[in-house]
Amino acid sequence: MSQGTAGRVAPKLVATSRQRPLISGDRLFRAIAYGAAALIMLIAAVFIVALFIPALPAITKFGLGFFVSRTWDPVRVQFGALPAIYGTLVTSAIALLIAFPVGMGAALFLAEDARLRLLRGPLSFAIELLAGIPSVVIGLWAFFILTPLMRDNVDPFLKQTLGFLPFFQGSASGYGFLTAGVVLAIMVLPIMIALSRDVIRAVPLALREASLALGATDAETIWSVVLPYARVGITGAVLLSLGRALGETIAVTMVIGNRPEISASLFSTGYTLPSVIANEFTEAVGNVYLGALFYLGLVLVVITIVVNVLARLLVWRFTGSEPTAA
Amino acid sequence: MKRALIALFGGAIVLAGCGGNTAATNPSTGSANLPTPPGASLTGAGATFPQPFYAAAFFAYNKKFSQVTVNYQAVGSGAGIQQLTKKTVDFGASDVPLKSSEADAMGGSDKVVQLAGTLGTESLAYNLQGVGGGQLKLTPDTIAGIFLGMIKKWNDPALKADNSGISLPDQDIHVVHRSDGSGTTYIFSDYLSSVSSEWASKVGRGKSVSWPVGQGASGNAAVATTIKQTPGAIGYVELAYVLQTNMTQATLKNKDGNFVLPSAAGATAAAKQFAGASPSQFSIVNAPGRDSAPISGYSWLMLYKDQANKARGTAMVDLFYWLVTDGQQYATNLHYAALPGNMVSYDLAVLKSVTSGGTTLLSISS
């Protein structure tokens, strides 16, 4: 997550230290820094191994079929991850679809609009507040307030207006993909806004002035100068948001309905990878059952890595330079 | 949390006004010959279902014998069994007795003993406009039909046939079940398996099952709240939650054909029907008998037969001796059922078999 900053700082450090001979303080500092870096690598490796070993009974039993099986039957000890993978990806996608436009709007307002300076303080404060609310509290709010609201107001409205789409059909209980996606959107918004605001602010003033001097309007400047310049940083903000959405557990568990189901309808109940693990690990008796939960954990890690790599490749293609995550 | 508080207060009140309410205890085991335990700090871990009762009872025991403190962690049966296997706790608790593979991990089924600590029953709670508590009548067939997803509407002919007195709306039935693994789910799926061959073959019994229909919520409290705020919802909830949160619950038809409202007394009546109940024959669902509550089950305590530490072992068997006799008075206040006499006798025989270095630890002769 912080490779970005480290990546930016490290070359400078190396460059200055090469210019003059190393004194013992520098050497010590370098040793500490290298040690810390190595420790992180070690922790990551140990973590993967520690997930892999308990997952082995399930891996040997189900193999790669685990990824495509829709069964989750503890009684017959048959497990598949597809519904949970589907639920994880769908809820995260909904979260980003909602959070991205809202987040960009708020970030641009905070970074660009000087006229409503009075509002900036309260808005920044609200974002930090939102970021600081523990997820279980957001889950409580969603469980008691949001689900009835979705069931009685939002879902019927969507059904009425967009009901011709397969996403908005079927009976709505208030629990399911859409509600979970909305909760996730609320949870990733602070990250999205704060990071985007910072990268937009970091766009050099000279570029903006040049654009304005050429006769571009504010909107044109934002659209064709500021946003393209900040594209890589914004991608990083989206990636971090996605990481949070993929792994969020408790708030999603409280509203998604916890049912291993694959349905095009966003009103349908579903399940996510972290929710299955959180729900079932206390009573998961037997090596294969517990192994299946660890296997789900591995799948989640793999999905997170794949999503990160894909997004990085995307950025590389667009910019031709190494992206920084944040 | 709320329930735990109620449990503590309930325990304190009972203690303050305490008489000798020896609910369903063996007459030969009055409080007069209650053994005085050695000082010990005991830890246990396991099922969440009996936690409020154990919390209240262990609190009361500590008031009686301040040298014994008991720390019970409701981390779930599976985690409790694992901790007992690793010997990080003195006793474990589970709503389902040990499987042979679990006992083997502890050194074999002759190395560990199990006794019933309490008894509970489940209700079917619902949220239906205009249909009050106890008004809805459910039979084994309609319950199985609803949870198999075959009865989808509240005005289904099968439901109407049993409920001629009330008007059932043309509304979707919204099934709510536990999403976390739980003894509550085991007992309910055990019940469905015993009344419906289709459930037995399609789904079966377990702490987590593959539900044909409905949505999951984590814990009794979340199931209860989901039902309360979802029109048309129905789900299985422990009796205590139903009563403490004033939910509307259905009247259930038991094996003898009587419609009964689930109650602690009904659970004891059901348990009495199974005189030979033991950890290997623990199922008491769908009991015969006029007053039997059909969805009932024991909750079990487990400890090693040979205790390494004599003082701790003695304190533990003394504690459990009290728990299954005098301690049962704390059960009924919290809507758990008192253990029937046959199970108390079984428990006492089990406790007598616990030894340390070849010496029997329980000093009671009854």
Side-chain angles (χ1 to χ4, degrees), chain A residues 70-80 83 136 139-140 143-152 170-176 179 249-261 267-272 275-290 292-293, chain B residues 45-48 74-82 94-96 98-99 101-102 105 152 171-186 189 193 200 202-219 221-223 225-226 228-233:
Chain A
R70 301 169 80 141
T71 315
W72 189 267
D73 189 343
V75 177
R76 289 174 185 77
V77 203
Q78 288 300 322
F79 301 105
V136 67
L140 265 187
F143 182 71
F144 283 100
I145 315 284
L146 186 64
T147 49
L149 190 77
M150 296 294 286
R151 181 188 67 223
D152 297 334
S171 78
S173 65
Y175 300 88
T179 310
T249 310
I250 186 74
V252 171
T253 306
M254 288 162 98
V255 298
I256 194 159
N258 302 308
R259 179 173 176 73
E261 189 169 296
F267 298 150
S268 166
T269 50
Y271 227 154
T272 65
S275 296
V276 181
I277 298 171
N279 268 320
E280 304 200 3
F281 83 97
T282 49
E283 300 285 351
V285 180
N287 285 338
V288 176
Y289 191 3
L290 198 60
L293 295 181
Chain B
T48 49
V75 290
S77 310
I81 290 169
Q82 279 177 15
S94 172
D95 301 325
V96 182
L98 291 173
K99 285 194 274 190
S101 60
E102 292 166 340
K152 292 183 163 67
Q171 194 175 0
D172 288 341
I173 295 178
H174 195 85
V175 169
V176 185
H177 55 76
R178 289 283 288 272
S179 61
D180 51 332
S182 73
T184 313
T185 296
Y186 184 90
S189 58
S193 296
K202 268 190 182 166
V203 185
R205 39 174 78 85
K207 290 177 188 171
S208 294
V209 300
S210 177
W211 293 94
V213 71
Q215 75 170 86
S218 181
V223 169
T225 313
T226 306
K228 277 188 135 183
Q229 64 179 22
T230 310

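All values below come from the heavy atoms of this structure, side chains included, with hydrogens, waters and symmetry mates left out.
For chain B, the nearby part of Tyr271(A) is the side chain; its heavy atoms alone come within less than 4.5 Å. Both the backbone and the side chain of Thr226(B) come within less than 4.5 Å of a heavy atom of chain A. Contacts between Thr147(A) and chain B at a heavy-atom distance below 4.5 Å involve the side chain alone, from C-beta outward. Only the backbone of Arg205(B) comes within contact range of chain A, with at least one heavy atom under 4.5 Å from a heavy atom of that chain. Only the side chain of Leu290(A) comes within less than 4.5 Å of a heavy atom of chain B; its backbone N, CA, C and O stay farther away. Ser77(B) touches chain A through backbone and side chain together, each having a heavy atom under 4.5 Å away.
In terms of heavy-atom pairs under 4.5 angstrom with chain A, the leader among Ser218(B), Ser179(B), Ser101(B), Gly76(B) is Ser179(B). Of the listed residues (Val96(B), Val213(B), Val75(B)), the greatest number of heavy-atom pairs within a distance under 4.5 Å of chain A belongs to Val213(B). The choice from Lys99(B), Lys202(B), His177(B), Gln82(B) that makes the most heavy-atom pairs within less than 4.5 Å of chain A is Lys202(B). The residue among Glu102(B), Lys207(B), Gln215(B), His174(B) with the most heavy atom pairs within less than 4.5 Å of chain A is Gln215(B). Chain A forms the most heavy-atom pairs under 4.5 Å with one residue out of Ser182(B), Gly204(B), Gly206(B), Gly214(B), and that residue is Gly214(B). The residue among Glu280(A), Arg151(A), Met254(A) with the most heavy atom pairs within less than 4.5 Å of chain B is Arg151(A). Top candidate by heavy-atom pairs under 4.5 Å with chain B, chosen from Asn258(A), Thr269(A), Val276(A), is Asn258(A). Note: Pro231(B) leads Ser189(B), Gly232(B), Pro231(B) in heavy-atom pairs under 4.5 Å with chain A.
For the atom pair CD1 (Ile256(A)) and OG1 (Thr272(A)), the distance works out to 5.5 Å, reported to the nearest 0.5 Å. Within the model, atoms CG of Asp180(B) and OG of Ser208(B) stand 7.5 Å from one another, a figure rounded to the nearest 0.5 Å.
Counting heavy-atom neighbours within 6.0 Å of Asn287(A) CG, excluding the residue itself, gives a total of 12 or less.
Looking at heavy atoms from C-beta onward, Thr71(A) lies in side-chain contact with Gln78(A) at the 4.5 angstrom threshold. Looking at heavy atoms from C-beta onward, Arg178(B) lies in side-chain contact with Thr185(B) at the 4.5 angstrom threshold. Using a 4.5 Å cut-off on side-chain heavy atoms (C-beta onward), Thr230(B) and Tyr175(A) make contact. Side-chain contact check for Tyr289(A) versus Phe79(A): some heavy-atom pair is nearer than 4.5 Å.
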